[in-house]
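Keep in mind it's a predicted model, so treat the numbers as computed, not measured.
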Amino acid sequence: MKKTLFVAAALAAALVATGCQKKESGDLLAKIKERGEIVVATEGTWAPWSFHDESDALVGFDVEVARNIAEKLGVKAVFAETEWDGIFAGIDSRRYDMTCNGVEVTGERAEKYDFSDPYGFIHTVLIVRTDNEDISGFDDLKGKTTANSLGSTYAMQAENYGANVQTIDTLEETLQLVEHGRVDATLNADVSFYDYMSVHPEKPFKIVALAPDMAQVAIPLRKGKETAALREAINAALAELAADGTLRAISEKYFKADITQ
């Protein structure tokens, strides 16, 4: 009797697992349209990509891009704010449908995720205190300490140059560590640094190096047939937003420049 119950329970568990797998392997776009919303992961602390304004409303370049994409899909964008290192884990576990958070396309990421067409192009810059004379280029980072978000492109780049990386959550916290001499430098997007300095022009920072190649910013999705239709729909939405000037207008609103081409 016990053996029969055990076999029945195992069979039931297998059927449930099979059903879950089938459900998970379905068409994500169809599911999004059915529920009427798309869950978008973002940090909410990285101006001008996504941040909170004076009224505590979530705003930013990526926030508006995501909302416009959702509108093109005929659904509502629902934002889930999380730290950088939780974004990809949430995509993997299906908590989030996508992220719109200044994600740079890299070879390593492309092996794991399917990216949309790029909607932004940026440079990585190396930032130090204005009185720092020890670091004048990326090669000078060997043996130095930088601060960056865990798992970010900038942290990986710093490590590749031989730096010791101290992980931190936000750009503002990162620059505070540089300002007070607790780390030697940080790497970040040029447009994010320019935005920060436009608000804090008195801060003692300078850019000492600019990465020669522009990085592409795009939307990563889980690999596979499940997200194929969604990626096509996002690409179509981005193309329409570029053609009618919406992307350019959003970029100029937040970056005071067109980073979309």
Would Asp92 and Tyr113 count as a side chain to side chain donor-acceptor pair (under 3.5 Å) if you check the C-alpha gap in whole Å, the side-chain angles of each, and the deciding distance to 0.1 Å? CA-CA 9 Å; Asp92 295 342; Tyr113 302 96; 2.8 Å; yes
Rounded at 0.5 Å granularity, tell me how far CZ in Arg35 sits from CG in Asp97.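 Spacing of CZ (Arg35) from CG (Asp97) equals 4.0 Å.
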Quick check for you: to the nearest 0.5 Å, what is the distance between Glu173 atom CD and Ser149 atom OG?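 It is 9.0 Å, given to the nearest 0.5 Å.
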Hey, does [Y] have a side-chain heavy atom less than 4.5 Å from the side chain of [X]?
X: Thr106; Y: Thr153; result: yes
X: Tyr194; Y: Lys256; result: no
X: Tyr96; Y: Thr82; result: yes
X: Gln216; Y: Glu104; result: no
X: Lys203; Y: Met197; result: yes
X: Trp84; Y: Thr170; result: no
X: Ile87; Y: Asp85; result: no

Do you know the tightest heavy-atom contact between [X] and [Y]?
X: Leu73; Y: Lys33; answer: O-NZ, 2.9 Å
X: Ala209; Y: Gly137; answer: CB-CA, 4.0 Å
X: Asp195; Y: Ala47; answer: OD2-CB, 3.6 Å
X: Ala218; Y: Val105; answer: CB-CG2, 3.7 Å
X: Ile91; Y: Arg222; answer: O-NH1, 2.6 Å
X: Ile32; Y: Val75; answer: O-CG1, 3.8 Å

Tell me whether [X] at atom [atom1] has more than 12 heavy atoms from other residues, nucleotides or ligands lying less than 6.0 Å away.
X: Arg248; atom1: CZ; result: no
X: Glu54; atom1: CD; result: no
X: Glu240; atom1: CD; result: yes

Which residues satisfy the side-chain contact (heavy atoms from CB on, under 4.5 Å) test with Asp184, sequence neighbours excluded?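 Partners of Asp184 by the side-chain contact (heavy atoms from CB on, under 4.5 Å) criterion, ordered by chain and then number, come out as Ile135, Lys144, Thr145.
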For Gln261, give me all partners under side-chain contact (heavy atoms from CB on, under 4.5 Å), at least two apart in sequence or on another chain.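 For Gln261 the side-chain contact (heavy atoms from CB on, under 4.5 Å) partners, ignoring immediate neighbours, are Asp258.
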Step by step, would you call Lys31 with Glu37 a salt bridge (Lys or Arg N to Asp or Glu O under 4.0 Å)? CA-CA 9 Å; Lys31 295 176 184 176; Glu37 61 184 37; over 6 Å; no
Side-chain (Ser116) to main-chain (Ile219) donor-acceptor, under 3.5 angstrom: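 Side chain of Ser116 to backbone of Ile219, a donor-acceptor pair under 3.5 Å: yes, one is there.
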Is the backbone of Thr130 close enough, under 3.5 Å, to the side chain of Lys206 for a donor and an acceptor to pair up by distance?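 Yes, Lys206 side chain to Thr130 backbone: donor-acceptor pair under 3.5 Å.
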Restricting to ring pair (Phe, Tyr, Trp, His ring centres under 6.0 Å), what partner residues turn up for Trp49, sequence neighbours left out?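 Trp49 satisfies ring pair (Phe, Tyr, Trp, His ring centres under 6.0 Å) with Trp46, Phe61, Phe255 once adjacent residues are dropped.
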Does the distance from a Lys or Arg side-chain N to an Asp or Glu carboxylate O, for Arg129 and Glu179, drop under 4.0 Å?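 Not counted as a salt bridge, because no side-chain N and carboxylate O are separated by less than 4.0 Å.
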Are Leu221 and Ile38 linked, directly or through other ILVMFWY residues, by side chains that come within less than 4.5 angstrom of each other?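 Yes; tracing contacts between hydrophobic side chains, which count when under 4.5 Å, links both residues.
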